[in-house]
K.L.:
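Before I ask anything, here is the structure I am working with.
Quick note on labels: first sequence line is chain A, next is B, and so on, each numbered from 1.
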Protein chains: 2
Amino acid sequence: MHTVRRPPAMRDVAHLAGVSHQTVSRVVNDHPNVRSETRARVLAAMRALDYQPNAAARTLATNRSQTVGLVTFDTTLFGPSFMVHAIERAAREAGYFVSIASAREPDVPQVREAIRRLREQAVEGIVTLAPVAAAWTALRQEPLDVPIVGLGIASGEADGVPMVAIDNAAGAALATRHLLGLGHATVHHVAGPANWPEARERQAGWRAALEEANRPAPAALTGDWSAAAGYDAGLALAERTDVTAVFCANDQMAIGVLRALHEAGRRVPRDVSVVGFDDVPEAPYLLPPLTTVRQDFAELGRHSLALLVDQISTGARRSEQQRCAPSLIVRGSTTAVR
Amino acid sequence: MHTVRRPPAMRDVAHLAGVSHQTVSRVVNDHPNVRSETRARVLAAMRALDYQPNAAARTLATNRSQTVGLVTFDTTLFGPSFMVHAIERAAREAGYFVSIASAREPDVPQVREAIRRLREQAVEGIVTLAPVAAAWTALRQEPLDVPIVGLGIASGEADGVPMVAIDNAAGAALATRHLLGLGHATVHHVAGPANWPEARERQAGWRAALEEANRPAPAALTGDWSAAAGYDAGLALAERTDVTAVFCANDQMAIGVLRALHEAGRRVPRDVSVVGFDDVPEAPYLLPPLTTVRQDFAELGRHSLALLVDQISTGARRSEQQRCAPSLIVRGSTTAVR
DNA sequence: CTGTTAGCGCTTTCAA
DNA sequence: TTGAAAGCGCTAACAG
């Protein structure tokens, strides 16, 4: 007789344990009404066969996939990459699998396509690491028959969609006030791309802090978050001898600015003070060590998943925004104006 | 009459189009034997209802989940984070979803647990971004009823399991020969953790290149890939005035070394030349711009998925190793010995 | 406490 | 070219 090679199913366990497959199901799902002796027999059979429940069958029967989707971008940015792990860990602890769908470009069609793919897998909720306005538009266009949480999306655009983000404006203000407090007449800004709400929030926070101190706000330069863009901005800044303080919207651009200032013969922090944003692991080891605004990416990831799971389990739709407080880490790239 | 709120199923589409659900299935799966007029009607009905196939039902019926699993680590390293995207994109293009399972620590139980979770979801194959010996042990212990591909795992330990990796020894030799060619008497090495095969391969490549040139191989220092570890190693190196060339097993440690040498008053590249490994995006903008060995992470990701898909579709088990060639990128952190 | 029955939404096989 | 029937492995509802 030939036995087909297939993974053991519940019926096989049931057969071996001498019970019905239903009883096996009860054991698997920790139902209370199973005699402990029966349970033990079933567990033994499960072990003997190396039984693994079939997720597809369970999903089909319960209409619950135990999976959450994660929309990511094809980015080399530190924050998003890091948060993937934090989210996966939080999901695992909450009993969910994580399925990812990445969009190459942060435009509306690609984000919608990513969401479509995730829904096809019947994910129970979606976290989108999509801090781009286009992603946001896509979210609002979705039927939203599934809970969605945005990670790092600016408040103004979050019409009724729950989100978790750092308080970018507060972080930018922290950086700007720090520089003003060191005696700098004003603070220049290297901003992120205008289609990123986080970039706009940081720029707004910088501007507000300057206004609060009655200082003129110079025109901001804009980069794409990369060190290369920071380098270009830094060269432009270096041409102006009145520039003594620069706040960059992220650490990678700050690295480029440091490089450009160095090439132009302007010393940091002696001639120019520089502040970044993120606190990447390398920040303390740059030349000079970078003063920066720290984001707790792990916390952001955990919070977003908690918010999602809450929506999934209560069935409620939230529209709240959770803001995490950033902190300023002062290192060697800033000093009192001479 | 009350209609229950549930996503449209195939039967609903069939009903609307006036055909059997079977015909709808044929349309969905692009079967040839459907009259084009019928097909059009079905497609119209699908659009009208915004029909989405139920992945769980399909998986249950076909025993194919169209999903590949990805084992990752809770790391802030650039390479692994970046490869996640490359793999996801390649998977999408090949018609697969990607489910991730991350292990907090690279030890055997956690890797096995990650693999167990993925198998529970009936993934058709697994890519493991687990360049750690423990992960490797775990892979070999698995029943392997599902194809597995390792990414970045050293050859010696890859008994019969297919893998894709950069040629670490060749990359290390490239770096070492470059330094020797500049006239340095020998090259010191800041190695990665000994339980990472990649670290061991790089160390072996460095040692081999020295031996090939009949140079003494100094004792290697070991770090954990972080800039902090590089800093510590750099301080130790700076105490020895005979050190003129350092090859670091990754760029992050090189950043720490640059910092430490600077603090110790040793100038790079004037007094000491430094080479990294990876070519992170910031490398050209460091002070000085970092000479380093470039890995094409995107290519590694694509290759690993191609190898996996090949195994899935042919049903064959491979044990081949694909090695990608690294290249040396010479920048400002290395120069001829004085 | 345990077993029986009836689907979940889809694909596969066979028949028409 | 289309339809009918059976079953993938599991859970929910009910019966005992």
K.L.:
Taking only side-chain nitrogens and oxygens of B:Y51, does any of them come within less than 4.0 Å of OP1 or OP2 of C:dG9?
P.N.:
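For C:dG9, OP1/OP2 do not have a side-chain N/O of B:Y51 under 4.0 Å.
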K.L.:
For A:A55 and for B:T23, find the nucleotide of DNA chain D with the closest heavy atom, then tell me which residue's nucleotide is more 5'.
P.N.:
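Between the two, 5'-proximity favours B:T23.
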K.L.:
Aromatic rings B:F82 and B:H85: how do their planes relate, parallel, tilted or perpendicular, breaks at 30° and 60°?
P.N.:
perpendicular
K.L.:
Without decimals, in angstroms, what is the distance between A:R26 CZ and C:dC1 C1'?
P.N.:
8 Å
K.L.:
Does a side-chain N-to-carboxylate-O contact under 4.0 Å join A:R116 and A:E113?
P.N.:
yes
K.L.:
What is the nucleic acid contact for B:T38, judged by heavy atoms within less than 4.0 Å: base, sugar-phosphate only, or nothing?
P.N.:
sugar-phosphate
K.L.:
Counting distance alone, no hydrogens or angles: does the base of D:dT2 have a donor or acceptor under 3.5 Å from a partner atom on the side chain of B:H31?
P.N.:
no
K.L.:
The side chain of B:A9 lies closest to which of these nucleotides: C:dG9, C:dT2, C:dA6?
P.N.:
C:dG9
K.L.:
Between D:dT2, D:dG7, C:dT2, which nucleotide has the shortest distance from any of its atoms to the side chain of A:N33?
P.N.:
C:dT2
K.L.:
Please report the distance, rounded to the nearest Å, between CZ in B:R58 and C1' in C:dT12.
P.N.:
13 Å
K.L.:
Taking the side chain of A:N54 as heavy atoms from C-beta outward, which of C:dT2, D:dC10, C:dT11 is closest to it?
P.N.:
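Given the options C:dT2, D:dC10, C:dT11, the side chain of A:N54 is closest to D:dC10.
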K.L.:
Which nucleotide, D:dG9, C:dT11, D:dG3, lies nearest any side-chain atom of B:S25?
P.N.:
C:dT11
K.L.:
Closest to the B:Q22 side chain: D:dC10, C:dT2, D:dA4?
P.N.:
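In terms of side-chain proximity for B:Q22, the closest of D:dC10, C:dT2, D:dA4 is D:dA4.
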K.L.:
Measure from CZ on B:R64 to P on C:dC10 and round the result to the nearest Å.
P.N.:
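After rounding, the reported distance stands at 18 Å.
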K.L.:
Figure out the CD/P separation between A:Q52 and D:dC8, and round it to whole Å.
P.N.:
19 Å
K.L.:
Write down the distance between CE (B:M10) and C1' (C:dT12), rounded to a whole number of angstrom.
P.N.:
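Rounded to whole Å, this separation is 13 Å.
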K.L.:
What about B:F78 and B:F297, are their ring centers closer than 6.0 Å?
P.N.:
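Yes: the rings meet the under 6.0 Å criterion.
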K.L.:
Reckon B:V28 touches a base, only the sugar-phosphate, or nothing at all at heavy-atom distances under 4.0 Å?
P.N.:
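Nothing, no nucleic acid heavy atom in range.
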K.L.:
Within this structure, what is the CG-to-P distance between A:N63 and C:dG7, rounded to whole angstrom?
P.N.:
17 Å
K.L.:
Measure the distance from CE on A:M46 to P on D:dG9 and round it to the nearest whole Å.
P.N.:
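In whole Å, D:dG9 P and A:M46 CE are 17 Å from each other.
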K.L.:
Quick check on side-chain contact (heavy atoms from CB on, under 4.5 Å): which of A:V27, A:V28, A:L16 does A:V42 satisfy it with?
P.N.:
A:V27
K.L.:
Closest-nucleotide mapping onto DNA chain D: is B:P32 or A:T62 further toward the 5' terminus? I mean the 5' end.
P.N.:
B:P32
K.L.:
Where the side chain of B:R11 is concerned, which of C:dT2, C:dC10, C:dC8 is the nearest nucleotide?
P.N.:
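Among the listed nucleotides, the one closest to the side chain of B:R11 is C:dC8.
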K.L.:
Where the side chain of A:L60 is defined as all heavy atoms beyond and including C-beta, which of C:dG9, D:dT2, D:dA5 is the nearest nucleotide?
P.N.:
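Of C:dG9, D:dT2, D:dA5, C:dG9 is nearest to the side chain of A:L60.
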K.L.:
For B:N29, answer base if it contacts any base atom (sugar-phosphate contacts may also be present), sugar-phosphate if it contacts only those atoms, and nothing otherwise; contact means non-hydrogen atoms under 4.0 Å.
P.N.:
sugar-phosphate
K.L.:
Only one of A:V98, A:V149, A:V123 passes side-chain contact (heavy atoms from CB on, under 4.5 Å) with A:V68; say which it is.
P.N.:
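Of the listed residues A:V98, A:V149, A:V123, the side-chain contact (heavy atoms from CB on, under 4.5 Å) partner of A:V68 is A:V98.
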K.L.:
Ignoring backbone atoms, test whether B:R35 places a side-chain nitrogen or oxygen under 4.0 Å from the OP1 or OP2 oxygen of D:dT1.
P.N.:
no
K.L.:
To check you understand the geometry: which heavy-atom pair defines the closest contact between A:A101 and A:R117, and what is its length?
P.N.:
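Smallest heavy-atom distance, with atoms named: CB-NE, 4.5 Å.
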K.L.:
Nearest to the B:A57 side chain among C:dC10, C:dC8, C:dT13, which nucleotide is it?
P.N.:
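Nearest to the side chain of B:A57 among the choices is C:dC10.
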K.L.:
Could you check how far NE2 of B:H21 sits from C1' of C:dG7, rounded to whole Å?
P.N.:
14 Å
K.L.:
What's the closest nucleotide to the side chain of B:S20 if the choices are D:dG3, D:dG9, C:dA6?
P.N.:
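Taking heavy atoms from C-beta onward, the closest nucleotide is D:dG3.
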